[in-house]
Amino acid sequence: MTSEISILNRSFFERDTKKVAQDLLGKFLVRRIGKNLFSGIIVETEAYIGPHDLACHASKGKTERTEVMFGSAGIWYVYMIYGMYYCLNVVTERKDYPSAVLIRALEPDSDLQFTTYNLRLMNGPGKLCRALRIDKKINRTSAMAKNSKLYFEDRGIKISKSRIVKAKRIGVDYAGKWKDKPLRFYIKGNKFISKI
DNA sequence: CAAGAGATCATCT
DNA sequence: GATGATCTCTTGA
């Protein structure tokens with residue numbers, strides 16, 4: 001058995017956001033900068049689901065910023081937060097149903113392309129964007145195009161259900177009923193997640 | 001180690 | 001004018 005490497009396509013993202021968020025654990029995020037490829041294993045995600053999720057930016061309606069979440073799946077949603085950091089999301093589900101998965105933490109790939117390889121390089125949404133030089137130029141671009149500068153690979157790693165921890169999302173205490181819903185997912189025992 | 005504050009600006013009211 | 005899907009630094013036990 002050879003494990004085949006494939007780039008995740010639209011049918012992967014065009015599904016229930018909670019499923020996509022969990023299925024992204026163990027997949028690789030690949031960033032191309034010039035001729036170089038930097039990659040990491042996704043170890044932590046969060047789901048933001050639809051117009052009723054008070055933590056989802058799109059719950060406040062369609063605006064210039066949130067419009068991308070109302071579009072079709074497999075497109076990057078990148079925004080600046082706290083004036084300093086970017087957060088990386090991929091749009092999910094059907095058109096006009098605003099939802100996305102936030103990529104919260106990566107374990108650096110063992111290819112050792114990073115000049116600083118350590119536990120805290122990409123253990124948070126702002127930090128992984130900084131490490132991979134992800135900014136607003138990525139916003140609204142496709143994660144699925146052949147020439148994407150940022151895309152997902154399935155390299156055959158499967159994370160079983162029993163190894164996935166479900167927890168409440170980070171930093172959304174303003175979200176009323178939705179603040180405690182178990183929409184954060186991470187690989188049990190992984191050393192590269194943002195918080196225990 | 002935990003808790004608190006400050007950095008800093010795009011976005012929306 | 002207020003706020004935030006964060007992070008780092010400082011303080012203190």
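All values below were derived from every heavy atom in this structure, side-chain atoms included, with hydrogens, water molecules and symmetry-related copies excluded. Every chain is numbered from 1 and lettered A, B, ... according to where its sequence line falls, protein lines coming before strand lines. The structure presented is a predicted model; accordingly, all values stated were derived computationally and were not measured.
If you take CE of A/Met80 and C1' of B/dC9, they are 7 Å apart, rounded to a whole angstrom. When rounded to the nearest whole Å, the span between CH2 of A/Trp76 and P of C/dA5 equals 19 Å. Rounded to whole Å, the distance from CZ on A/Arg120 to P on C/dT8 is 9 Å. The interatomic distance linking A/Leu102 (CG) with C/dA5 (C1') rounds to 6 Å, in whole Å. Protein atom CE of A/Met84 is 13 Å distant from nucleotide atom P of B/dG6, rounded to whole Å. When rounded to the nearest whole Å, the span between OH of A/Tyr86 and C1' of C/dG4 equals 15 Å. What separates CG of A/Asp180 from C1' of C/dA5 is a distance of 15 Å, to the nearest Å. For the pair A/Ile103 CD1 and C/dT6 C1', the computed distance is 16 Å after rounding to whole Å.
Both distances falling under 3.5 Å, in either a Watson-Crick or a G-U wobble arrangement, occur for no nucleotide opposite B/dT8. Pairing for B/dT13 is absent, with no Watson-Crick or G-U wobble pair whose two atom distances lie under 3.5 Å. The partner of C/dA5, taking Watson-Crick or G-U wobble pairs whose two distances both stay under 3.5 Å, does not exist in any strand shown.
Residue contacts shown for A/Arg169 are absent, as no nucleic acid heavy atom lies under 4.0 Å away. A/Gly83 comes within contact range of at least one nucleobase, with a heavy-atom separation under 4.0 Å. If you check every strand for non-hydrogen atoms under 4.0 Å, A/Lys136 touches sugar and phosphate atoms only.
In this structure, A/Phe114 has its ring center under 6.0 Å from that of A/Phe38. The aromatic ring centroids of A/Trp76 and A/Phe13 lie 6.0 Å or more from each other.
Ring geometry for A/His57 versus A/Tyr79: interplanar angle over 60°, hence perpendicular rather than tilted (30 to 60°).
In this structure, A/Arg155 pairs ionically with A/Asp109, as a charged nitrogen and a carboxylate oxygen lie closer than 4.0 Å.
Note on A/Arg130: every side-chain N or O is 4.0 Å or more away from OP1 and OP2 of C/dT6. For C/dA5, the OP1/OP2 oxygens have no side-chain nitrogen or oxygen of A/Tyr85 closer than 4.0 Å. Applying the 4.0 Å criterion to OP1 and OP2 of C/dA5, one finds that A/Arg65 has every side-chain N and O outside that range. Between A/His57 and B/dT11, a side-chain N or O to OP1/OP2 separation shorter than 4.0 Å is absent.
Place A/Ile81 and A/Lys60 on DNA chain B by their nearest nucleotides, and A/Ile81 ends up nearer the 5' end.
A/Arg104 and A/Ser194 share a donor-acceptor pair across their side chains, judged by distance under 3.5 Å alone. Side-chain contact annotation: A/Thr92 with A/Thr17, donor-acceptor N/O pair under 3.5 Å present.
Aromatic stacking of A/Tyr82 on C/dT6: satisfied, with centres closer than 5.5 Å and planes within an angle under 30 degrees. The aromatic ring of A/Tyr79 does not sit over the base of C/dA5; the criterion of centres under 5.5 Å apart with planes under 30° is not met.
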